[in-house]
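Computed from a predicted model, the values in this text were never measured in an experiment.
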Amino acid sequence: MTPWRERFSGGLLRHAVMLHDLLMVWLCWQLLFAGRYALLPSPPPQPWFSFNVLVALALQAFAFWKVGLYRGLWRFASIADLVNIFKAGFVGLLLIVVVLSFRRLEGVPISVLLVYPFALSALLGAPRLMYRSWKDYQALNSDARARRVLVLGAGQAAESLVKDLRRSGDYEPVGLLDDSPHLQGAILHGAPILGTLDDVVLVARETDAKLLVIAIPTLDAAGMQRVVGLCESTGLPFRTVPRLTDVLEGKTVPGQLKEVAIEDLLGRKPILPDWELIRGWLRGRTVLVTGGGGSIGSELCRQCARHGVARIVVVEISELLMINIQSELRRNFPDLQVQGVLGDCGDPAVIRHALDSYQPDTVFHAAAYKQVPLLEGQLREAVRNNTLATECVAAACVERGVEKFVFISTDKAVDPANSLGATKRYAELICQSLDRRSDTTRFVTVRFGNVLGSVGSVVPLFREQIARGGPVTVTHPDVTRYFMTIPEACLLILQAAASSSRGAIYMLDMGEPVLIRHLAEQLIRLAGKVPGVDIPIVYTGLRAGEKLHETLFYTDENCRPTTHAKVLEAGAREFSAEQVLGNVAELRRAVASYDLTTLHSVLRATVPEYRPLDSPVVHSTSAKIVAFPIKEAGRKN
């Protein structure tokens, strides 16, 4: 049955219930009058319909509607419904008395009026309770193996879900909840819409639901946080249907339920890139990705493959990561040419071989060291891999006339306070310096913050700690970070690269900074635990090189919008290209001799904003902080 026919059927059912109730009003008047005059020797004739009866029917119908008697369903009739029935009868009595008083209550005995609300409540309540008892009896004698499911949402996703659940035989959809007023009381494939999302606790208890399913894939982050909070307040397990983007990206299959992930709560409105621009730029091209087996590099490979490149060259130092990404690309994109170059992209011979052998049109430089505390004690390797390797690849691209070089930077390059930020900022300056000198290669820098689920990030760490039973370690109760999903970041990298101007630095719109302690608390809740009760949270203090808050751009960069709302372009800052490129040789000599003093000196001279943190320092910010307004979950048995 189509949805409109089901709504039509639901409307007929509601009208039948209203007709039944009006019939009970008429029957109530007939029985009360018959009882009043039954003991008289010659009782007056009682017509089936009279003026008084018609007035009573009209006024009582208005009272039913005003009290909201038809918001509930007979299947789940309860004490609250009986109270509503009595309230409607009492309101109806008052209206009848007021109107018939104009006729001095002619023909209406006082005894009938006194008994009327009680008799009407019995006549209306008894059929409802009998119907519920019958349905409960049926449920108890049905297949006990079917798991009772309450669905949140009543759109297309919910319609497909209800059909699939009924078809499986293992699940029984007992009802749906939706905030749309016009859907209340409707029936979707035999499952009634029982109320709004805010009614989930009451309805879940009344329907004896064992599982909640969120079937609203279009929810934004705030909406998902609200719905998850409502689900958690029931103490029941809950799942969600996958988003269309997850299905298209191969992360799940249609109809497969999944657990609510932290990405669902942090996610923002779906990005709508300029697909025509991106595909027109990538179609038929050869791209080279350094660090192509890492979190960002591998996703760049996947997205380039989806948007029509002819060949992908992966430069990777880890043989395991190389094998994994090559196998995945060849399996999922059989027509794509996949080539691999095993080696260090900071080795000039490796990068020359890769460029000469495959002649890429575009190079994405994603290889880097990224762990702040670790790199504070490994300055030489941070300089070698983040700065000198970038210069090696970039210079080779200029020599061989590569059309575009895309450098993946970080928000820690802004006002750097650690080795990671300083070496990445130096690499940004190298790209801008080479762009000024090159007539053939266009340099693009894309800067963004943390990505969810990347190797070494807090989310996998928190999940591991939760799985062990805790504690979950957070550095500081007020520490914040910007977060974005890996696919979202890579998609915006492609958008920025496809529409870039020469030497530009682009910043991705990371939304609002997130309190890390709230991130930890939410991950604990999603694991079905109570923060601070089942899983403790321990604050360990800021680690070496860590700031309390990060920023995405310098105050004097004068960011301006681009053709895409999620991509901002930083204005040029003054710097000396001669100094930046001239100091590279000094860096190489210091790296070769492991001269940490010289490395520090060159970094400070070339990146004057670099202010190393000898001890953790609080950096204040006026940024709005994103928290998770989720209700505390009750302890599960």
Side-chain angles (χ1 to χ4, degrees), residues 281-294 296-298 300-305 307-330 333 335-368 384-408 427 430-446 493-494 497-498 500 502-503 580-581 584-585 587-588 591-592:
W281 172 54
L282 289 176
R283 188 178 295 114
R285 290 176 173 265
T286 296
V287 300
L288 182 147
V289 183
T290 69
I296 295 295
S298 61
L300 280 172
C301 290
R302 295 182 193 99
Q303 294 202 15
C304 286
H307 297 124
V309 298
R311 178 165 57 186
I312 292 179
V313 182
V314 178
V315 178
E316 177 57 63
I317 197 170
S318 166
E319 60 179 349
L320 177 60
L321 294 181
M322 172 75 82
I323 291 171
N324 289 342
I325 189 60
Q326 281 189 309
S327 300
E328 178 185 341
L329 291 174
R330 287 168 179 162
F333 306 95
D335 296 331
L336 177 68
Q337 297 181 48
V338 181
Q339 304 293 338
V341 177
L342 188 64
D344 184 352
C345 64
D347 183 343
V350 170
I351 202 66
R352 283 198 301 267
H353 167 72
L355 296 178
D356 291 341
S357 300
Y358 304 109
Q359 299 179 352
D361 303 291
T362 298
V363 170
F364 292 94
H365 183 48
R384 189 190 66 80
N385 200 40
N386 291 351
T387 304
L388 296 181
T390 300
E391 192 275 338
C392 175
V393 179
C397 288
V398 172
E399 290 176 6
R400 279 143 181 86
V402 174
E403 181 180 314
K404 187 171 289 189
F405 180 89
V406 182
F407 174 56
I408 311 302
I430 287 173
C431 292
Q432 290 185 302
S433 300
L434 290 175
D435 186 81
R436 294 179 181 181
R437 297 186 175 187
S438 174
D439 295 327
T440 56
T441 303
R442 176 178 296 180
F443 285 82
V444 180
T445 296
V446 182
I493 289 171
L494 295 182
S500 60
R502 293 193 64 95
V580 169
L581 297 178
V584 169
L587 284 180
R588 292 196 183 281
V591 165

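For the side-chain hydrogen bond (donor to acceptor under 3.5 Å, both in side chains) test, residues two or more places apart in sequence or in another chain that qualify with Thr290 are His365.
Nearest heavy atoms, Gly293 versus Leu321: O-CD2, 3.7 Å. Across every non-hydrogen atom of Gly401 and Thr440, the tightest pair is CA-OG1, 3.9 Å. Between Cys431 and Thr445, the shortest heavy-atom contact is CB-OG1, 4.0 Å. The minimum heavy-atom distance between Val580 and Val584, with the atom names listed, is O-CG2, 3.5 Å. What you find for Cys301 and Val314 is that their closest heavy atoms are SG-CG2, 4.0 Å. The minimum heavy-atom distance between Val444 and Ala497, with the atom names listed, is CG1-CA, 4.4 Å.
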- Task: Please step through side chain to side chain contact (heavy atoms under 4.5 Å, CB included) for the pair Ile493 and Phe364, ending with a clear verdict.
- Result: CA-CA 10 Å; Ile493 289 171; Phe364 292 94; 4.2 Å; yes

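Atom CD1 of Ile430 is separated from atom CZ of Phe443 by 10.0 Å, given to the nearest 0.5 angstrom. For the atom pair OG1 (Thr390) and CZ (Phe407), the distance works out to 4.5 Å, reported to the nearest 0.5 Å. Note that CG of Leu587 is 5.5 Å distant from CG of Leu388, once rounded to the nearest 0.5 Å. One finds the CZ atom of Phe405 at 10.0 Å from the CG atom of Leu288 (value rounded to the nearest 0.5 Å).
Among residue pairs with one or both ends in residues 351-364, those qualifying as salt bridge (charged side-chain N to carboxylate O under 4.0 Å, His left out) are Asp356-Arg400; sequence neighbours excluded. Listed by first then second residue, pairs satisfying salt bridge (charged side-chain N to carboxylate O under 4.0 Å, His left out) with a partner in residues 431-442 read Asp435-Arg502, not counting sequence neighbours. Each side-chain hydrogen bond (donor to acceptor under 3.5 Å, both in side chains) pair with one or both residues in residues 313-329, not counting sequence neighbours, appears once here: Arg302-Glu328.
Counting heavy atoms from C-beta on, the side chains of Pro360 and Val313 never come closer than 4.5 Å. Put simply, the side chain of Leu494 does not reach to within 4.5 Å of the side chain of Val406, judged on heavy atoms. Annotation: side chain of Leu329 is in contact with side chain of Ile325 (closest heavy-atom distance under 4.5 Å). Leu434 has its side chain out of reach of Thr441: every pair of non-hydrogen atoms, C-beta onward, lies at least 4.5 Å apart.
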Show me the donor-acceptor pairs within less than 3.5 Å that the side chains of residues 337-345 make with the rest of the protein, sequence neighbours left out.
unit_1, atom_1, unit_2, atom_2, d
Asp344, OD1, Gly346, N, 2.8
Asp344, OD2, Arg384, NH1, 2.8

Going by atom type alone, with no hydrogens or angles, which donor-acceptor pairs under 3.5 Å involve a side-chain atom of residues 391-398 and a protein atom two or more places apart or on another chain?
unit_1, atom_1, unit_2, atom_2, d
Glu391, OE1, Arg588, NH2, 2.6

